[in-house]
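Model, not experiment: these values are computed from the prediction.
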Amino acid sequence: MNNHYKIIGQTPDTQQNPKSPSIEPKLTLDPKVDNVKDIGNHGIPDMPSNIHYLTIIGHIEGHMVAPPQNKSTKYEHIIPQLIAVEENPKIEGMLTVLNTVGGDVEAGLALAEMISSISKPTVSLVLGGGHSIGVPLATASDYSFIAKTATMTIHPIRMNGLVIGVPQTFKYFQKMQERIIQFITRTSKVPRDTIVKLMTETDEIANDVGTILIGNEAVETGLIDDVGGLHAAMMKLKELIKLKKQNEVQKNLQ
């Protein structure tokens, strides 16, 4: 019979030399592999650090979350970028690229007001569409471009969900509409009467009230400054940045 004696203060052999846990090295992918997976390209071209590129695409999401099947731009993501453009001394200008179907009126108008109040040169480019509240977002910049095939839809505001059928609701709609009209006339060359006429047109859209302007029509109306693409927008922004620098130098010499 084998007797096992336990010695006080002595640990079993299995506990005297515990095996250290094996740490497997974490697998890291090459950044180029990530780029291929995410954007289908092995590299992203370097962008000039003095220009900020802002994209407003799809549905502009406001206080209410957009449906999951909608491609949306969240306004709480855009506001910090606009603040950074104003505060960052390295950023000298901003290019806003628009392809939006509109969305939350309050959120879109708030973003438009922020863009128009930036002290640095700003240029907007409408690609595809700048509909509904996307119109003020396009006119908010110092200079605006629209592609030849891009469209802008101007229509009265509308509301989804519960609507209380009282005169106060109609008055609220009127005030909201007036805010948008005043902003567009303040930031573009289109007269007030023209905007109201375009909003109330009944012969343009089959199942709605409003007007669709394509490319050069938006320029002829006075809503957009010029027809052009990415190159024209970039050249104009660089021109505005250079002009601002010259004005600052002359101001300092005086």
*Would you call Lys244 and Glu239 a salt bridge, taking side-chain N to carboxylate O under 4.0 Å as the test?*
no

*asked:* Main chain of Thr122, side chain of Asp142: is a donor-acceptor contact present, judged purely on distance under 3.5 Å?
replied: yes

*Does Ile78 belong to the same Ile/Leu/Val/Met/Phe/Trp/Tyr cluster as Met64, with side-chain heavy atoms less than 4.5 Å apart forming each link?*
no

_Donor-acceptor under 3.5 Å (Asn247 side chain, Leu243 main chain)_ = yes

*Is the closest side-chain heavy-atom distance between Leu137 and Leu98 below 4.5 Å?*
yes

*salt bridge (Lys or Arg N to Asp or Glu O under 4.0 Å): which pairs involve residues 112-122, sequence neighbours left out?*
Glu113-Arg186

*If you round to the nearest 0.5 Å, how far is CG of Leu54 from CD1 of Ile115?*
6.0 Å

*With no hydrogens and no angle check, do the side chains of Ser124 and Thr96 hold a donor and an acceptor under 3.5 Å apart?*
no

*Hey, are the side chains of Ile180 and Pro136 touching, using non-hydrogen atoms and a 4.5 Å cut-off?*
yes

_Please give me the minimum heavy-atom distance between Ala66 and His59, naming the atom from each residue._
CB-CD2, 3.8 Å

*When clusters are formed by joining ILVMFWY residues with side-chain heavy atoms under 4.5 Å apart, either directly or through shared neighbours, do Val105 and Val101 land in the same one?*
no

*Would you say the side chain of Ile181 lies within less than 4.5 Å of the side chain of Val196, judging by non-hydrogen atoms?*
yes

*asked:* According to ring pair (Phe, Tyr, Trp, His ring centres under 6.0 Å), does anything in residues 162-217 pair up with another residue at least two apart or in another chain? List the pairs.
replied: none

*Counting N and O atoms only, with roles assigned by atom type, does the side chain of Ser132 sit under 3.5 Å from a partner on the main chain of Gly102, one being a donor and the other an acceptor?*
no

_Can a donor-acceptor pair be found, under 3.5 Å and without considering hydrogens, that links the side chain of Thr211 to the backbone of Glu201?_
no

_Gap between atom CD1 of Ile133 and atom CD1 of Ile56 - 0.5 Å precision_ = 10.5 Å

*State, without any angle test, whether His63 and Glu106 hold a side-chain donor-acceptor pair at a distance under 3.5 Å.*
no

_For residues Leu237 and Tyr53: do they belong to one hydrophobic cluster (side chain heavy atoms under 4.5 Å, members Ile, Leu, Val, Met, Phe, Trp, Tyr)?_
yes

*Derivation and outcome, side-chain contact (heavy atoms from CB on, under 4.5 Å), residues Ile205 and Ile212*: CA-CA 8 Å; Ile205 308 175; Ile212 299 176; 4.2 Å; yes

*Going by atom types only, do Gln182 and Glu178 share a side-chain donor-acceptor pair under 3.5 Å?*
yes

*Which residue pairs pass the salt bridge (Lys or Arg N to Asp or Glu O under 4.0 Å) test with at least one member in residues 210-229, sequence neighbours excluded?*
Lys189-Asp225

*Do you know the tightest heavy-atom contact between Val190 and Thr185?*
O-CG2, 3.7 Å

_Spatial distance of atom CD (Glu61) from atom OG (Ser72) [nearest 0.5 Å]_ = 4.5 Å

*Pair Thr153-His131, side-chain donor/acceptor within less than 3.5 Å*: yes

*Roughly how far, to the nearest 0.5 Å, is the CD1 atom of Ile157 from the CD atom of Gln177?*
5.5 Å

*Shortest non-hydrogen contact from Ala138 to Met152?*
CB-CE, 3.8 Å

*Could you state whether Leu223 and Ile214 fall into the same hydrophobic cluster, counting links through intermediate Ile, Leu, Val, Met, Phe, Trp or Tyr residues with side-chain heavy atoms under 4.5 angstrom apart?*
no

*Any pair counted as salt bridge (Lys or Arg N to Asp or Glu O under 4.0 Å), so long as it reaches residues 82-97, sequence neighbours left out*: Glu92-Lys245

*Return each pair, listed once, that meets ring pair (Phe, Tyr, Trp, His ring centres under 6.0 Å) where at least one residue sits in residues 214-254; pairs must be two or more places apart or across chains.*
none

*Could you tell me whether the side chain of Lys71 reaches within less than 4.5 Å of the side chain of Ile57, counting heavy atoms only?*
yes

*Do Val209 and Met199 come within less than 4.5 Å of each other through their side chains, counting heavy atoms only?*
no

_Summary of salt bridge (Lys or Arg N to Asp or Glu O under 4.0 Å) pairs that have at least one residue in residues 151-166, sequence neighbours excluded_ = Arg158-Asp208

*How many angstroms lie between OG1 in Thr169 and CD1 in Ile164, if you round to the nearest 0.5 Å?*
5.5 Å

_Thr100 vs Ile60 side-chain heavy atoms within contact, under 4.5 Å_ = yes

*Give a yes or no answer on whether the side chain of Asn252 reaches the backbone of Glu248 with a donor-acceptor pair at less than 3.5 Å.*
yes

*Rounded to the nearest 0.5 Å, how far does OH of Tyr75 lie from CG of Asp104?*
7.5 Å

_Side chains of Leu213 and Leu198 in contact at under 4.5 Å (non-hydrogen atoms)_ = yes

_side-chain contact (heavy atoms from CB on, under 4.5 Å) assessment of Ile118 paired with Met94_ = CA-CA 9 Å; Ile118 291 177; Met94 183 179 73; 3.9 Å; yes

_Partner of Ile146 by side-chain contact (heavy atoms from CB on, under 4.5 Å), out of Leu125, Ile224, Leu127_ = Ile224

_Is there a side chain to side chain donor-acceptor pair (under 3.5 Å) between Ser188 and Thr139? Walk through the geometry before answering._
CA-CA 6 Å; Ser188 69; Thr139 63; 5.4 Å; no

_If I compare all heavy atoms of Gly129 with all of Val126, which pair ends up nearest, and what's the gap?_
C-CG1, 3.7 Å

